[in-house]
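Letters A, B, ... mirror the listed sequences (proteins, then strands); counts begin at 1.
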There are 2 protein chains.
Amino acid sequence: MNTIDKIQKSLANFSKSERKVAEVILADPQLAIQCSIATLAKMADVSEPTVNRFCRRLDTKGFPDFKLHLAQSLANGTPYVSRHVEANDSAEAYTAKIFESSMAALDSAKQSIDASAVNRAVDMLTQADQISFFGLGASSAVAHDAQNKFFRFNIPVSCFDDVLMMRMSCINAREGTVIVLFSHTGRTKALVEVARLARENHAQVIALTAKDSPLARECTLALTMDVPEDTDLYMPMASRLAQMVAVDVLATGFTLRRGPRFRENLKRVKEALKESRFEKPQGL
Amino acid sequence: MNTIDKIQKSLANFSKSERKVAEVILADPQLAIQCSIATLAKMADVSEPTVNRFCRRLDTKGFPDFKLHLAQSLANGTPYVSRHVEANDSAEAYTAKIFESSMAALDSAKQSIDASAVNRAVDMLTQADQISFFGLGASSAVAHDAQNKFFRFNIPVSCFDDVLMMRMSCINAREGTVIVLFSHTGRTKALVEVARLARENHAQVIALTAKDSPLARECTLALTMDVPEDTDLYMPMASRLAQMVAVDVLATGFTLRRGPRFRENLKRVKEALKESRFEKPQGL
DNA sequence: CATTCTAATGTAGCTAAATTACAAAACTCG
DNA sequence: CGAGTTTTGTAATTTAGCTACATTAGAATG
């Protein structure tokens, strides 16, 4: 836990002199870590042992150890904390907040994703002879994105954001069909039913969804991530970002699994796109 | 600059004994910052002053100061550096790398986005009586996502990922029409032409694209972001993530501009979705 | 190949910083 | 108001880090 926060939180538990120390440190932590215990004591107008006791109270071995801890939390420089947008934020403020919340969400997704599940999902995808991506609402964009990525791999892919089409597609599913479902909550009734239908038709079902959700239970493999829910009105829907990155991960795993010959192919696809573009001025 | 990197870089300039110190520190930096100069000297099998000289060579005041610097760079815990996927990375490795690269890309986008351009874009969007989102290829998913978001605002929105449809839509454009184009490179010929056509038909054109690109020049307002290009084969296409976050930013700006009455409405839309979901078990 | 100079490393002593033990002061509660 | 507890400070001790100097290893030159 962040040392600065810790000090702030313990502020009430400190004695009078200890609080003086805390205030001096909080006022300029960067300065504090460069001070000796003597200078800091003088600045706070307390004795040296008081400073030492203050350090111990924060579960450090002593003053030097405390400085180390403090230095570490300073360096952390707010590593993307999710902050909510306020009604009278400036454009600058809400832009920064949304980007930061998005990064925080990705970080949390990264922490919680299970690499072995990724591996199994890649297994299933590489063995598929047909892949379908299904997403409703906000997740439909993710499904589109996934289609676009896997399309380049030159395997039959399809993508639906319409429940009827999904159901029809499920009925035509075979053993080699892999269906990937995107749903943040994993509680969308229609999608859960689609998953069941797909399985009844012997398709393999991968779901990018919430842990322990109805959808997660209904599929062959659940690839789950913890993404802080957007309790906010100003709905940045971080979950679909995490899903898209997860799609990148799967696509990457796919290309890695397919080996170097396959990657050569991809390079050619990329180059084929160049013709449709204006030349980029070389140099500059 | 990161102290660890600094050590690694200076490795060549060190003397034999200094290098021994460097190696011990690099082997376990976390341990090193807890050691006294004596223990560290013993571990590296050198004398104490050698350790001290080593610290000085890295522009620190001495051993304690060096530890502080080291602690800070450790805390930074690789603050999202873009690292490329290697052919024999494990699932764990490439998953982490892709998430980190994505976060790094968002960070760079955040740094480079122009808040005043955001503000003007929001201006245009709030005054629009019709909004269209256009994207081709990888950006089509972004356009879909944008449609999904703005659709909730109860204004006429459309979305196309097909050039012919885009052109038709442009021809029907009026003064109050705002067209938002998504293109990472800003060099896709078809899209640049669409932008021109739209402007000829008096539509307002906003482009989320690269700075100084043909597309940026052809539109009313260019909302540009620097996103590290994916020179990589394993194409995580970070740009579309940045674009999606930018869409969040615009949507947020939109709701803020529309005021509290409007936000009440949004809440109702969100609640309307609940019926289509399975109940979430309260508590747990 | 020897000699000399320089750079590198270590030893020992010194200084300053941090910690401990204890005593004094302040505060609490009967 | 006084016994007990907590808080704070003083002084002594310990420890860590640094400096000055000596020694050694290595490079360069005759």
Student: Tell me every residue that passes salt bridge (Lys or Arg N to Asp or Glu O under 4.0 Å) with Asp114(B), counting only those two or more places apart in sequence or in another chain.
Tutor: none

Student: Keeping the roles fixed (side chain from Thr50(A), backbone from Ser17(A)), state whether a donor-acceptor pair exists under 3.5 Å.
Tutor: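 Here the side-chain-to-backbone pair does not exist.
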
Student: Just to verify, what does Arg19(A) make a salt bridge (Lys or Arg N to Asp or Glu O under 4.0 Å) with, not counting sequence neighbours?
Tutor: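 Per chain and number, Arg19(A) pairs via salt bridge (Lys or Arg N to Asp or Glu O under 4.0 Å) with no residue.
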
Student: Mark up nucleotides 9-15 of chain D, 5' to 3', with B wherever a protein heavy atom is under 4.0 angstrom from a base atom, S wherever such an atom reaches only the sugar-phosphate, and - elsewhere.
Tutor: BB-----

Student: Ignoring hydrogens and geometry, is there a side-chain-to-backbone donor-acceptor pair from Thr209(A) to Ser183(A) under 3.5 Å?
Tutor: yes

Student: Tell me whether the side-chain N/O atoms of Asn52(A) come closer than 4.0 Å to OP1 or OP2 in dA18(C).
Tutor: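 No, because none of the side-chain N or O atoms of Asn52(A) sits under 4.0 Å from OP1 or OP2 of dA18(C).
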
Student: For DNA chain D, determine which residues of residues 55-65 of chain B have any heavy atom closer than 4.0 angstrom to one of its atoms, and list them numerically.
Tutor: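 By residue number: Arg56(B), Gly62(B), Phe63(B), Pro64(B).
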
Student: If you measure only the distance, is there a donor-acceptor pair under 3.5 Å linking the side chains of Arg257(A) and Asn119(A)?
Tutor: yes

Student: Quick one: Lys67(B) NZ to dA17(C) P, roughly how many Å, whole number?
Tutor: 16 Å

Student: Thinking salt bridges, do Asp248(B) and Arg240(A) make one under a 4.0 Å N-O criterion?
Tutor: yes

Student: Ala242(B): which residues meet the side-chain contact (heavy atoms from CB on, under 4.5 Å) condition with it, sequence neighbours left out?
Tutor: Leu106(B), Ala109(B), Met225(B), Val227(B)

Student: What's the CZ-P distance between Phe54(B) and dT9(C), to the nearest Å?
Tutor: 13 Å

Student: Kindly state each residue pair satisfying ring-ring contact (aromatic ring centres under 6.0 Å, His included) with at least one member in residues 9-28 of chain A, sequence neighbours excluded.
Tutor: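 Applying ring-ring contact (aromatic ring centres under 6.0 Å, His included) to every pair that reaches into residues 9-28 of chain A, excluding sequence neighbours, yields Phe14(A)-Phe54(A).
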
Student: Enter the distance from Tyr94(B):OH to Thr252(A):OG1 here, rounded to the nearest 0.5 Å.
Tutor: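 Between Tyr94(B) OH and Thr252(A) OG1, I get 7.5 Å after rounding to 0.5 Å.
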
Student: Okay, side chain of Lys67(B), backbone of Cys35(B): is any donor-acceptor separation there less than 3.5 Å?
Tutor: yes

Student: First locate atom CG of Asp145(B), then atom CG of Asp145(A), and finally report the distance between them rounded to the nearest 0.5 Å.
Tutor: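 Those atoms lie 10.0 Å apart.
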
Student: Which residues within residues 25-37 of chain A lie with some heavy atom under 4.0 Å of an atom in DNA chain C?
Tutor: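 Hits under 4.0 Å, by residue number: Ser36(A), Ile37(A).
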
Student: In degrees rounded to 10°, what angle is found between the helical axes fit to the five outermost pairs at each end of the helix from dC1(C)-dG30(D) to dG30(C)-dC1(D)?
Tutor: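 Between the first-five-pair axis and the last-five-pair axis there is 20°.
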
Student: So, using salt bridge (Lys or Arg N to Asp or Glu O under 4.0 Å) as the criterion, who are the partners of Asp45(B) when residues are at least two apart?
Tutor: none

Student: Could you pull out the protein-nucleic contacts involving nucleotides 24-27 of chain D (nitrogen or oxygen on both sides, under 3.5 Å)?
Tutor:
none

Student: Tell me the interatomic distance from Phe14(B), atom CZ, to dA7(C), atom P, rounded to whole angstroms.
Tutor: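 So the two atoms are 18 Å apart, to the nearest Å.
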
Student: Excluding sequence neighbours, so at least two apart, what forms side-chain hydrogen bond (donor to acceptor under 3.5 Å, both in side chains) with Ser15(B)?
Tutor: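 Residues passing side-chain hydrogen bond (donor to acceptor under 3.5 Å, both in side chains) with Ser15(B): Glu18(B).
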
Student: Got a donor-acceptor contact below 3.5 angstrom from the Ser102(A) side chain to the Ile98(A) backbone?
Tutor: yes

Student: How would you list, by chain and number, every residue that makes a side-chain contact (heavy atoms from CB on, under 4.5 Å) with Asp226(B), sequence neighbours excluded?
Tutor: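 Result, side-chain contact (heavy atoms from CB on, under 4.5 Å) vs Asp226(B): Ser108(B), Ser112(B).
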
